[in-house]
2 protein chains.
Amino acid sequence: MDHLETRELRYFVAVAEELHFGRAAERLGIAQPPLSRAIRRLEHRVGVGLLDRDRRGVALTPAGAVLLREARAALDAVEAAVHRTRRAGDPKRSLVLVTKAGASHELLRRLLDRAAGEPDAAPVDVLLCEVGEQAGLLRSGHADVALMHRPFDDLAGFDTEDLYTEGQVAILPAVHPLASYERLTLAQVQDVPGLPIARWPRLDGSYPDGPGPRVGTQAQLAQLVALGRTLLVIPASSRAWQWPEHVAVPVVDAPEVTTVIAWPPNSRSRAVAALVRTAAGLHDTPLPAHTD
Amino acid sequence: MDHLETRELRYFVAVAEELHFGRAAERLGIAQPPLSRAIRRLEHRVGVGLLDRDRRGVALTPAGAVLLREARAALDAVEAAVHRTRRAGDPKRSLVLVTKAGASHELLRRLLDRAAGEPDAAPVDVLLCEVGEQAGLLRSGHADVALMHRPFDDLAGFDTEDLYTEGQVAILPAVHPLASYERLTLAQVQDVPGLPIARWPRLDGSYPDGPGPRVGTQAQLAQLVALGRTLLVIPASSRAWQWPEHVAVPVVDAPEVTTVIAWPPNSRSRAVAALVRTAAGLHDTPLPAHTD
DNA sequence: TACGACCGATACCCGGCGGGTATCACAGTG
DNA sequence: CACTGTGATACCCGCCGGGTATCGGTCGTA
């Protein structure tokens with residue numbers, strides 16, 4: 001029999017992520033024996049071993065690693081189906097646009113102005129998230145459309161349209177010697193003594209090794225820059241980090257960053273298509289230089 | 001409670017496609033009452049009406065139409081998870097490359113030759129399908145990678161790399177007056193008296209209105225051309241239709257067709273990546289002119 | 001207008017399966 | 001050797017998915 005149920009996939013993902021039946025069962029809110037049974041049956045149904053139950057721990061087989069990736073995508077798709085259906089049935093339906101807080105602020109403001117001015121425009125709700133969360137929100141149907149940034153964000157699986165390309169700036173503590181430069185190079189901002197690059201968590205929540213401070217949100221990072229503990233390189237239009245204690249210096253050889261509008265394939269509703277068209281129309285009126 | 005089960009989605013898709021509870025239940029191999037109950041519970045769980053039970057028939061609400069599209073995608077994703085996991089666990093694992101029978105024949109042959117010559121190359125199984133089937137096979141995990149043709153095929157949701165761009169030719173019965181031309185224009189091949197364009201089935205299996213003959217496979221269409229009943233315009237490298245009774249005449253103003261290699265996003269295994277790289281390397285050695 | 005056909009909804013029963021508790025088997029460790 | 005931590009096994013129970021029988025409303029038709 002084919003036809004896995006999402007419950008089985010959820011169970012497997014929990015075990016594969018925890019690599020521990022007891023903790024996975026706790027996370028799922030069930031007892032451990034039924035979980036073991038469910039995973040065994042799943043392995044039997046799929047026909048391949050998914051986990052190596054070595055004493056002292058559980059490990060993924062190659063097939064299990066594939067299923068972990070695929071199951072996450074499938075569960076996202078199911079969740080997205082529910083959310084998109086709910087929003088489709090909402091009488092006062094609005095488009096949800098998600099973007100990183102502070103990024104592409106001018107472009108977003110112009111897009112919203114333009115979109116509001118369109119005839120029979122659907123209202124646009126703006127959902128601001130932290131770094132790297134857009135893809136998940138779009139995949140799981142919590143949002144209809146996203147502003148994302150190439151090459152930073154993972155655009156795999158979305159349709160996109162380029163909106164705006166810009167250079168990057170280094171954000172430095174105003175008191176730091178480098179802050180007085182007119183422009184910098186990547187070589188100058190890498191390995192600056194006393195200003196190590198901050199570390200973001202990986203997908204599994206762990207942090208890579210390195211000297212930099214650990215951060216989880218933009219606000220944390222901004223404060224660490226203001227405290228003179230780190231620096232960062234970001235697109236010139238980003239606003240979230242630009243405190244009074246910060247200075248932005250162009251980094252002339254940093255890769256260019258393109259802001260794109262992204263939406264799930266096969267979900268291009270009339271409202272999404274209209275918003276994408278409006279966004280693409282912004283090409284014609286270039287953004288003003290950043291002033292503050 | 002969120003967390004739909006795939007069974008509920010399968011049930012809903014069946015009803016939404018049949019628009020008839022009795023037939024849907026029969027298709028699912030269950031009785032009608034449990035199906036009605038399941039759909040009602042699904043509507044309650046999602047929180048919006050999905051079907052209008054008007055006496056004399058069932059109709060999709062707007063939200064129902066959204067769920068039909070999303071549920072199909074989600075079920076594809078679940079099915080893909082199973083298939084990809086099975087193949088990942090297969091000790092003699094091979095890549096499955098799917099392409100339309102007869103299309104891009106030379107390019108495919110070269111790709112397979114090159115791929116076989118690569119060191120530590122995974123064996124490549126070729127799966128030939130009919131028009132428009134590639135996307136589904138790729139989405140449901142029956143294939144790992146596909147050769148597709150822009151702008152004909154639906155590339156939404158896949159990562160792609162362009163391989164080869166070419167013009168199109170009209171395939172005509174050899175005995176037809178147009179067959180003696182050196183080249184043609186789209187205006188000349190449209191609405192040719194006695195040679196109406198054939199009609200392909202829509203996704204739901206119905207045929208659009210029009211004068212042309214109905215076809216479902218390339219072989220049917222090829223024979224109808226040989227019988228002098230229709231003509232078609234296809235990329236120059238296509239072979240499936242080129243019978244001795246056919247003549248191919250370049251259509252100078254037909255849109256160019258690009259052969260692309262496509263694969264599911266986030267599923268770029270080492271083997272797929274290697275094959276894509278090999279395919280991209282074919283750029284360097286242009287295909288010989290088509291001779292037969 | 002009355003009757004029958006059609007179709008989805010309701011009522012009710014049953015069996016299987018998902019989930020719980022208790023316990024086992026085994027490896028590592030002091 | 002006892003103890004701890006882990007997943008597997010044994011066994012029971014209650015819910016829910018599925019079946020049959022039937023209802024209720026709406027057409028078409030004579």
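First the proteins, then the strands, lettered A, B, ... as listed; each starts at 1.
Rounded to a whole Å, the CG atom of B:Asp52 is 16 Å from the C1' atom of C:dC7. Between the P atom of D:dC16 and the CD atom of A:Glu5 lies a distance of 15 Å, rounded to the nearest Å. Taking atom CZ on A:Arg45 and atom C1' on C:dG18, their separation rounds to 12 Å, with Å as the unit. Rounded to whole Å, the distance from CZ on B:Arg7 to P on C:dC17 is 12 Å. Summarising the geometry, the separation between CZ on A:Arg53 and P on D:dG7 is reported as 9 Å, rounded to the nearest angstrom. Between the CD atom of B:Gln32 and the P atom of D:dC23 there is a distance of 15 Å, given to the nearest Å. Distance CZ (A:Arg10) to C1' (C:dG19): 14 Å, rounded to an integer number of Å. The CG atom of A:Leu28 sits 10 Å away from the P atom of C:dG20 (whole-angstrom rounding).
Applying the side-chain hydrogen bond (donor to acceptor under 3.5 Å, both in side chains) test to pairs two or more places apart or on separate chains, those with a residue in residues 25-36 of chain A are A:Glu17-A:Arg27, A:Glu18-A:Arg27, A:Gln32-A:Ser36. Each salt bridge (Lys or Arg N to Asp or Glu O under 4.0 Å) pair with one or both residues in residues 129-139 of chain A, not counting sequence neighbours, appears once here: A:Arg139-A:Asp154. Within the structure, every pair that satisfies the ring pair (Phe, Tyr, Trp, His ring centres under 6.0 Å) test and touches residues 122-145 of chain B, not counting sequence neighbours, is listed here: B:His83-B:His142. Listed by first then second residue, pairs satisfying salt bridge (Lys or Arg N to Asp or Glu O under 4.0 Å) with a partner in residues 4-15 of chain A read A:Glu5-B:Arg10, A:Glu8-A:Arg45, A:Arg10-B:Glu5, not counting sequence neighbours.
Considering only residues two or more places apart in sequence or on other chains, B:Ala16 meets the side-chain contact (heavy atoms from CB on, under 4.5 Å) condition with B:Phe12, B:Leu60, B:Leu68. Taking the side-chain contact (heavy atoms from CB on, under 4.5 Å) definition, one finds that B:Pro208 meets it with B:Arg199, B:Arg202, sequence neighbours left out. The side-chain contact (heavy atoms from CB on, under 4.5 Å) test applied to B:Ala31 returns B:Pro33, B:Pro34, not counting sequence neighbours. Every residue meeting the salt bridge (charged side-chain N to carboxylate O under 4.0 Å, His left out) condition with B:Asp153, not counting sequence neighbours, appears here in chain and number order: B:Lys100.
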N/O contacts under 3.5 Å, protein versus nucleotides 14-16 of chain C?
none

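For the contact set between residues 11-23 of chain B and DNA chain C, defined by any heavy atom under 4.0 Å, the members are B:His20, B:Phe21, B:Gly22. Applying a 4.0 Å cut-off to non-hydrogen atoms, the residues of residues 35-43 of chain A that approach DNA chain D are A:Ser36, A:Arg40, listed by residue number.
Closest heavy-atom contact between B:Ala24 and B:Leu35: CB-CD2, 3.8 Å.
Proximity of a side-chain donor or acceptor of B:Thr230 to a complementary backbone N or O of B:Pro196 within less than 3.5 Å is detected.
The end-to-end axis angle of the helix from C:dT1-D:dA30 to C:dG30-D:dC1, rounded to 10 degrees and based on five pairs per end, is 10°.
Once rounded to the nearest 0.5 Å, the distance linking CG of B:Leu97 with CH2 of B:Trp263 reads 12.0 Å.
Partner of B:Gln134 under the side-chain contact (heavy atoms from CB on, under 4.5 Å) criterion, out of B:Leu127, B:Val145, B:Val98: B:Val98 alone.
Side-chain atoms of A:Asp125 and A:Ser94 include a donor-acceptor pair closer than 3.5 Å.
Comment: B:Arg86 does not engage B:Glu79 in a salt bridge, judged by the lack of any side-chain N to carboxylate O separation of less than 4.0 angstrom.
Proximity note for B:Val58 (side chain, C-beta onward) versus D:dG18, C:dG8, C:dA9: the nearest is C:dG8.
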